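Read the structure below first, then the notes.
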Amino acid sequence: MARRVALLGATGSIGRQTLEVLRGHREEFTLVSVAAARRLDELADIAREFAVTHIGVAREEDRAMMAGKLAGRADVVAGPAGLAQLAREADIVVNAVVGFAGLPVTLAALAAGKRLALANKESFIAAAPLVERVRATPGAEVVPLDSEHCAIHQCLAGSSAPGHPDVRALWLTASGGPFRGWTRDRLAEATRQDALHHPTWSMGPKITVDSSTLMNKGFEVLEASALFGIEVDRVKVVVHPQSIVHSMVEYVDGSLLAQLARPDMRLPIAYGLGYPERLADGWGALDLTQRLSLTFEPPDVEAFPAIPLAYAAARAGGAAAAWLSGANEVAVDAFLAGRLRWSEIVPVVATVMDGFVDGPMREVADVVAHDAAARDRAARAITVHS
Ligand code: NAD
Ligand code: MG
């Protein structure tokens, strides 16, 4: 029987690439629901192409318009509760929403015992203590789509003991982004256009900016630690500009296992859909008859303080990751809107983290409150910095 897939965040970079993978596997997977916040004409086209039965829109006021576009051929739901409903009604839930807005998808999919194919790292790290609880639901599993975590998931295949005592370190590779090698002085002049030009990956605007500050790598450190249950001091970052080695696991005997492919998100997406089987697509397959050079170097954490900031948040625990992600989302939005310089994004987040106040993280409302507190402080810090 074909597995039923919900694709939430269908019109974005991950969403579109997921559709490309699904087009090649119509027998194995049935797309039952899609959701998006913007580009609703495109969403309607996707719904028609795949004959989906359920559609989600972010805003209640778009619901009637979307229902009209589809002339009653699909049910339309709206808002976070709508996303959660769609996440409960599929076998595989692809969370391709960007930012904190992805939280209801992750929580609902896991609480309903589904496979979560996870791209949305922000809400996953922000709500890590709650996510941990719902992951215990029978049937619930997270298969990461983030290329680094997908690589580690593959390289950890033989290591099953809780806490992975046979693992010395997880090595997350980083391309270094468009500003690798730039000095602090030069970084002070970095523009929006510079930041949006990633050397190896083509992605949505928010993660492209996060990759330029290396905040994305900081989030990935938190993501890896939470995902694999490995304390953060065993998660390391190494710069690998070619983006061919997607990450590595170092075992206690000194063996280093790596996963290699050309940078192509359709490979981790196909892995997340097919796991534990492999789809015979070959996205990103390397041609080893051609010359290939791989280089590795330590990250410049002075020029890119987002990495130490993320480690500090990981060590602080509690709500610190929610603050880090919430503050960063506001700073990146301000940068994309032309209200904040690139060189002020991480300082704004650092200012918010300087005032971090921990508190309970038991209910969704707690996470939302922490996220809101960080956003509010970031908005105020931006008026000072800009
Ligand atoms: P994007 O901006 O291209 O797409 C985001 C999608 O989410 C869009 O379809 C948008 O309409 C939808 N969306 C936003 N808010 C929503 C809401 N409230 N309700 C419903 N839908 C909503 O982003 P992207 O680059 O595809 O990234 C998506 C996620 O995947 C991010 O968390 C990112 O960090 C992660 N990720 C992306 C890549 C990549 O290659 N693009 C790689 C690794 C991880
Ligand atoms: Mg990644």
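From a predicted model like this one, the values you see are computed outputs, not experimental measurements. Just so you know, ligand 1 is whichever comes first in the structure, and atom 1 is the first atom listed for that ligand.
- Phe296 shares a hydrophobic cluster with Trp171, Val238, Ile244, Val245, Met248, Leu256, Leu260, Leu286, Leu288, Leu292, Leu294; the chain of contacts runs through ILVMFWY side chains whose heavy atoms sit under 4.5 Å apart.
- Atom-to-atom distance recorded for Lys217:NZ and Leu172:CG is 6.0 Å, nearest 0.5 angstrom.
- Asp146 contributes OD1 as its N, O or S atom closest to the Mg ion (ligand 2).
- Closer than 4.0 angstrom to ligand 1 lie heavy atoms from Gly9, Ala10, Thr11, Gly12, Ser13, Ile14, Ala36, Ala37, Arg38, Ala58, Leu83, Ala96, Val97, Val98, Ala101, Ala119, Asn120, Lys121, Glu122, Asp146, Met203, Gly204, Ile207, Met265.
- Using modelled atom types, one finds a donor on one side chain and an acceptor on the other under 3.5 Å when comparing Asp281 with His25.
- Taking the Mg ion (ligand 2) as the apex, the angle formed with OE2 of Glu220 and OE1 of Glu148 is 100°, to the nearest 10 degrees.
- Evaluated for a side-chain hydrogen bond (donor to acceptor under 3.5 Å, both in side chains) with His198, the options Ser175, Ser212, Ser243 yield exactly one hit, Ser175.
- Here the side chains of Leu8 and Val34 are not in contact, with every heavy-atom distance at 4.5 Å or above.
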*Steps toward side-chain hydrogen bond (donor to acceptor under 3.5 Å, both in side chains) verdict (Gln259, Ser247)*: CA-CA 6 Å; Gln259 183 256 343; Ser247 277; over 6 Å; no

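- A side-chain donor-acceptor contact under 3.5 Å links Gln154 and Arg278.
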